[in-house]
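Taking it in order: structure first as structure tokens, then the write-up.
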Amino acid sequence: MIKKKIGSKNNFRNKLPNYNPRYNFDNFIVGDNNNFAWNAAKRVSMFSQTIFNPLFIYGETGLGKTHLIQAIAHEAKRTWKKSNIEYLSCEELLNLYIGAVQNDKISDFRNRFKKVDMVLIDDIQSLAAKTKTLKEFLYIFKVLYNSNKQIVLTSDKSPSKIEYFSTNLISYFEHRLIAEIKPPTFETRLTILKNKRKSLGIKINIKILSFIADKISSNVRRLEEALIRLSAYSSITGREITMHRAKYQLYPFIKQEEKTNTSIDLIQKKVAEYYDLNVNDLTLSNSNKRITYPQMVAIYLSKEMTYASLSEIGKTFRSTSNKTIIKSINKIRKERANAFKIDNLISEIILS
Ligand code: ADP
Ligand code: MG
């Protein structure tokens, strides 16, 4: 019988860190949105001295924080082969810490970090509510900082919004550098797509790439996924990617994106244009089918594409009861499930 190995927590140290080999500086597209963070990351990865410490990179999700922090780790390791670099996601760090507390091994935990030359921790915001753990890390960071070891942190929140950090990180670490990554501009998005097109080896024309860059603006991950989706579509079906097919295939991605940008006003405007009505027609009570059907489509889209509540939607469409609203939503939803036509119609309204 094979005995199960116990104490696997202690084996954690021997595990390979979960780097993504693609997340390096060569694959990172620099634009106005991330230039400052990239520059700081490059310098920190050269490792010769700690000029910025800690380097704190923050920005919304999907904008390249993990890519950049791993690029630093890759580059530092490549340049300084003997260096002891510790890259951890916040979750891994937390597990280590909890293990240490449970097994009364806090001093081991602290010692582990004393031996490193550079420590990189991704997504530190997950610790925001865990003050005790943050305190412990801050203690470790102070030890590292005072012995001139590099610390790199990422977060989807600015440090001033992480309660414990706002007072302690900002005041203690005089050499800190806080760099924000913002959403990329259209040009940067297009460059990212061109680069991805090359690495995926797919045939897709620049007009379609521009369409994607135009429609998906807030998240690089989604931008890439859109292209991967088209690549999969074309390799599975053997079909060429035309603009019409791209629009149709990308509907769910664009819907997601529009949800953050779309207002009911915009939906009403588009639906009215599509059905050749006035925007006002959509908000009147009327029993003419020429108007009630587009009204239902607009109500349905408002539910699907915005974060408005049923009663908010109800107010906008002068349709007092939630029941009527739900009825409209269900009717169009059902039609979409049963017929291709309405699906096409809706995506055309959104994408026109
Ligand atoms: P975050 O950690 O901020 O949520 P990630 O680093 O996971 O975002 O990035 C999401 C995806 O977008 C990854 O596949 C990453 O390679 C890619 N990406 C983000 N920014 C860039 C960029 N400037 N250049 C190239 N790829 C990028
Ligand atoms: Mg990340």
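All ligand and atom numbering here is 1-based and tracks the order in the structure. On a predicted model such as this, the values are computed, not experimentally measured, just so you know. Only this structure's heavy atoms are used, side chains among them; waters, hydrogens and symmetry mates stay out.
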What atoms of ligand 1 come closer than 4.0 angstrom to any heavy atom of [X]?
X      : answer
Glu224 : 11 (C), 12 (O), 13 (C), 14 (O), 16 (O), 17 (C), 26 (N)
Thr61  : 4 (O)
Gly64  : 1 (P), 3 (O), 5 (P), 6 (O), 8 (O), 9 (O), 19 (C), 20 (N)

Decide whether the shortest distance between a heavy atom of Gly59 and an atom of ligand 1 is less than 4.0 Å.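 Gly59: no contact with ligand 1 (<4.0 Å).
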What lies under 2.8 Å from the Mg ion (ligand 2), restricted to protein N/O/S atoms, is Thr66 OG1
Give me each pair satisfying salt bridge (Lys or Arg N to Asp or Glu O under 4.0 Å) with a member in residues 197-213, each pair once, sequence neighbours excluded. none
Report yes or no: is the cationic atom of Arg110 (NZ for Lys, CZ for Arg) closer than 6.0 Å to the six-membered ring centre of Tyr139, at no more than 45° off its axis? yes
What protein heavy atom sits nearest atom 24 (N) of ligand 1, and how far off is it?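 For atom 24 (N) of ligand 1, the nearest protein heavy atom comes out as Ile29 N, 2.8 Å.
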Tell me, which protein residue and heavy-atom name are nearest atom 18 (N) of ligand 1, and how many Å apart are they? Val220 CG1, 3.3 Å
Would you indicate whether Lys135, at its atom NZ, is surrounded by more than 12 heavy atoms from other residues, nucleotides or ligands within a distance under 6.0 Å? no
Which pairs of donor and acceptor atoms, one on a side chain in residues 22-29, lie under 3.5 Å apart (sequence neighbours left out)?
residue : atom : partner : partner atom : Å
Asn24   : OD1  : Asp26   : N            : 3.2
Asn24   : OD1  : Asn27   : N            : 3.0
Asn24   : OD1  : Asn27   : ND2          : 3.4
Asn24   : ND2  : Pro21   : O            : 3.1
Asn27   : ND2  : Arg22   : O            : 2.8

With sequence neighbours excluded, what pairs up with Asn34 under the side chain to side chain donor-acceptor pair (under 3.5 Å) test? none
Joint cluster assignment, [X] & [Y], ILVMFWY side-chain distance < 4.5 Å:
X      : Y      : result
Val271 : Tyr293 : yes
Tyr248 : Tyr233 : no
Val101 : Leu94  : yes

Pick from Arg22, Arg221, His67: the one approaching atom 7 (O) of ligand 1 most closely through a non-hydrogen atom: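 Shortest heavy-atom distance from atom 7 (O) of ligand 1: Arg221.
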Which bit of Asn34 is near ligand 1, meaning a heavy atom under 4.0 Å away: side chain, backbone, both or neither?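 Only the side chain of Asn34 comes within reach of ligand 1.
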Going by atom types alone, do Ser89 and Asp122 pair a side-chain donor with an acceptor below 3.5 Å? no
